[in-house]
Protein chains: 4
Amino acid sequence: MMDVVDTYRQTAHRGAVRSEASRTAILGATTRLVLERGYDHLTIEGIATEAKVGKQTVYRWWPSKGALVAECMLEGLLLPAEFLPPTTGTLRDDLTAWLRELLGFVTAPANDTLMRSLIAAAIENETVAERLNSTLGTSSALVNRLTLAVAVGELPSSAPVTEISESLVGALILQILTRTHSDPDRAESFVSAVLGPVEPG
Amino acid sequence: MMDVVDTYRQTAHRGAVRSEASRTAILGATTRLVLERGYDHLTIEGIATEAKVGKQTVYRWWPSKGALVAECMLEGLLLPAEFLPPTTGTLRDDLTAWLRELLGFVTAPANDTLMRSLIAAAIENETVAERLNSTLGTSSALVNRLTLAVAVGELPSSAPVTEISESLVGALILQILTRTHSDPDRAESFVSAVLGPVEPG
Amino acid sequence: MMDVVDTYRQTAHRGAVRSEASRTAILGATTRLVLERGYDHLTIEGIATEAKVGKQTVYRWWPSKGALVAECMLEGLLLPAEFLPPTTGTLRDDLTAWLRELLGFVTAPANDTLMRSLIAAAIENETVAERLNSTLGTSSALVNRLTLAVAVGELPSSAPVTEISESLVGALILQILTRTHSDPDRAESFVSAVLGPVEPG
Amino acid sequence: MMDVVDTYRQTAHRGAVRSEASRTAILGATTRLVLERGYDHLTIEGIATEAKVGKQTVYRWWPSKGALVAECMLEGLLLPAEFLPPTTGTLRDDLTAWLRELLGFVTAPANDTLMRSLIAAAIENETVAERLNSTLGTSSALVNRLTLAVAVGELPSSAPVTEISESLVGALILQILTRTHSDPDRAESFVSAVLGPVEPG
DNA sequence: GGCTAATCGAGACGGTACGTCCCGTCTTTAG
DNA sequence: CTAAAGACGGGACGTACCGTCTCGATTAGCC
């Protein structure tokens, strides 16, 4: 919490200090407007008005729409939290559970505009891309789960854990892009795609 | 060729017929400007000027920037062609060769702005998304190659060919989004992610 | 009647002859649209649509909006007819009767937009100006009445009949321009302005 | 001066104050363009470009071309000043001198486009009409001169001074409308039209 | 009766201007 | 020194009409 504060509060200064109320209002307004209207159609002017704040106050602290959205994601205002794969069963079961939840969230009619907005923001802004990738699991959590599987012998040590992780997250993003309202049951198939089909018997 | 003509020329009409010269000029201008400046920064006004055409002539035939870009893709103006997986060796070799080429193309410094532009366009426009997906191989060619592999016994019949295909293309798109300039040698790893590691010996 | 026909029908020709139906429809549409929306806001495109006629058919026969309106006036479609001063009583009575009627017409709420439209058209188009001037009486009828008055000794032979006429019509136009909804009773005062006050006794 | 400022500067405000430089540049550009090209052919876009100003800055402060021209007239940028009838001789001489000057100005080839432009503007915009009328003398100066004439017995007390005034100005406007390049010597005749012919002997 | 021309409706075309929205910057007053 | 308010020059939006042009379908005098 402390370090988040440090990112926006200057240490030594004279005169008024940055208003936390404004910052909160701006991020809240951004969140609301992204959800309502999507990333394109999002305007700085609209955010300032919605937040009852001067335009300059926005420009003073954020260089672009993308940066604003990135900070909203960091604050967890746009996505519920990180989607973490469980460590409770077999690799296959854990991955399937994780992917099923994510697939359900991502293709829900209420969320698909949001998800496309986040991809749009990610294209413009590298920080958003990183954060999106990380929220969906690739950057660490998913890799960790796979690494664990290697450690316990569920996967051979030659398994390309990074690429498996990216394949799963990538497949997810492709669903968003193509507007495919995939059945959550496809989670099993996607997991089979990277772990191989379930052995019969 | 005939059918392409039919898509834009009405058969029964009164009044002057649509100008093929204008249509070509507009698509050419769009292509040039997307390549030069990217999808955002692409403006209808700029396209009309570049094509030496009235703005209304653009609006008369295309509802949005996205539709324009979609038609450019259909005409093969933006991407070289379809990237087709070969059918010349083992599945693993064919997929690796295909992915290596695509990975090289996609992460080439000259192309990455274009690829992000195409994703941006895909977000706005479903037709672009479909066409992008199809050009990168998912929709049919790649699935066909995998189906063939099932037929000749290289893959078990239970292999989820659609999901394997989407995982590979998705991984590719994730490279674009995260601006990862992946080494083409990672192609092998990605293929291993879906086919399993190379068996030793 | 014959000569009116001659103005639009070529004498020697081959091929289809000018359609009287179209001409009538166009003039009718022009009349309706001027009355509804005023001279500005009048568009050739609107006229063609309203008349169910091709745009070119308008342009083929009339060079401008002004010319169209001028022809409408010639056909008596826009103004009831000419306002002619009577020759039934004294000059003063006749002029007063004439001016009273005109003042009533011109400042009627239903007509004032029309009258301003006609002035607007007159500014753009000399023919409209002449026709407007003539309809209001200046060019001949009013001058004739005044000349008659000179002949019968009601006015001295040195009376500047043209200038008296233009003063009366000019005063009328000024009422239109300034949007003054003058009481028709002012007719007497205007006549007194040019004939001198009524002699007492 | 102070009061002119007050008409456009709000007293209580927050944020930057209206730029006097922009206002002046816009009115100057409007004046130049009306004189060069006439009231029709005057475009907001052209004014903004000529004034090196954003279009919105024009729209922010003026609702229409007419309002712009009206303000130019108020600032005395379009017409030299008011044309005031002198009070130096007999009524007849004073009116003749005044009308001669005005007739000369109005029908000068250099000014007749301007005058028609002003009438066009007057039709669209009541404020222009009032200002035009007042500049040409009707609203007060001319009436005052006539009232003085009544006071000193040059005119009978029953003389309709307002109507005489409107007749003279109206006659002037009719010259403009009909594009009559009247000889300034007609001034005498017009004056005779309202004062009666010069008594012989 | 076929040929030739002109007219007609429809509407596409290259343009100009409209009036609006937003951009990112600058200027002012208040705290 | 921050903040709100908002004016500024600028760029693009999508629309309305301009006047010209190009179609296929009539229509009417002429061989």
Side-chain angles (χ1 to χ4, degrees), chain A residues 10 13-19 21-22 41-49 51-61 63-65, chain B residues 10 12-19 21-23 25 41-49 51-61 63-65, chain C residues 10 12-19 21-23 41-49 51-61 63-65, chain D residues 10 12-19 21-23 25 41-49 51-61 63-65:
Chain A
Q10 305 302 318
H13 60 89
R14 296 204 294 171
V17 91
R18 176 173 183 187
S19 154
S22 293
H41 305 135
L42 185 66
T43 66
I44 301 280
E45 216 149 68
I47 292 167
T49 303
K52 285 168 191 167
V53 138
K55 253 203 296 185
Q56 196 57 257
T57 303
V58 181
Y59 280 110
R60 198 167 0 243
W61 302 107
S64 65
K65 294 198 299 179
Chain B
Q10 305 301 319
H13 64 91
R14 298 216 282 175
V17 93
R18 177 173 182 185
S19 155
S22 294
R23 180 180 159 276
H41 305 135
L42 185 66
T43 66
I44 301 278
E45 213 148 70
I47 291 168
T49 303
K52 285 168 190 168
V53 138
K55 245 200 300 186
Q56 198 59 256
T57 301
V58 181
Y59 282 111
R60 189 157 23 232
W61 302 107
S64 65
K65 293 197 301 177
Chain C
Q10 304 301 319
H13 64 91
R14 293 207 294 172
V17 90
R18 175 172 185 185
S19 154
S22 294
R23 180 179 159 276
H41 305 134
L42 185 66
T43 68
I44 301 281
E45 217 150 68
I47 291 167
T49 303
K52 285 167 190 170
V53 138
K55 249 203 298 186
Q56 196 57 258
T57 302
V58 181
Y59 281 110
R60 197 170 358 246
W61 302 107
S64 64
K65 293 198 301 179
Chain D
Q10 305 300 321
H13 64 90
R14 297 217 280 176
V17 93
R18 176 172 184 186
S19 155
S22 295
R23 181 179 159 276
H41 306 135
L42 185 66
T43 67
I44 301 280
E45 213 148 72
I47 292 167
T49 303
K52 285 166 190 171
V53 139
K55 249 203 297 187
Q56 198 59 257
T57 301
V58 181
Y59 282 110
R60 191 161 16 236
W61 302 108
S64 64
K65 294 197 302 177

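Chain A is the first sequence line, chain B the second, and so forth, proteins listed ahead of strands; every chain is numbered from 1. Computed from a prediction, not measured in an experiment: that's the story for all the values here.
Residues forming a side-chain contact (heavy atoms from CB on, under 4.5 Å) with C:T49 (at least two apart in sequence, or on another chain): none. Not counting sequence neighbours, C:T57 has no partner by the side chain to side chain donor-acceptor pair (under 3.5 Å) test. Legend: residues meeting salt bridge (charged side-chain N to carboxylate O under 4.0 Å, His left out) with C:K65, ordered by chain and number and at least two apart, are absent. In this structure, the side-chain contact (heavy atoms from CB on, under 4.5 Å) partners of C:T43, at least two apart in sequence or on a different chain, are C:E45. Residues satisfying the side-chain contact (heavy atoms from CB on, under 4.5 Å) test with B:A51, not counting sequence neighbours, are B:A25, B:I26, B:A29, B:V53.
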Summarise how protein sits on nucleotides 8-15 of chain F as a single string, 5' to 3': B when a protein heavy atom is under 4.0 Å from the base, S for sugar-phosphate-only contact, - for no contact.
-> BBB-BBBB
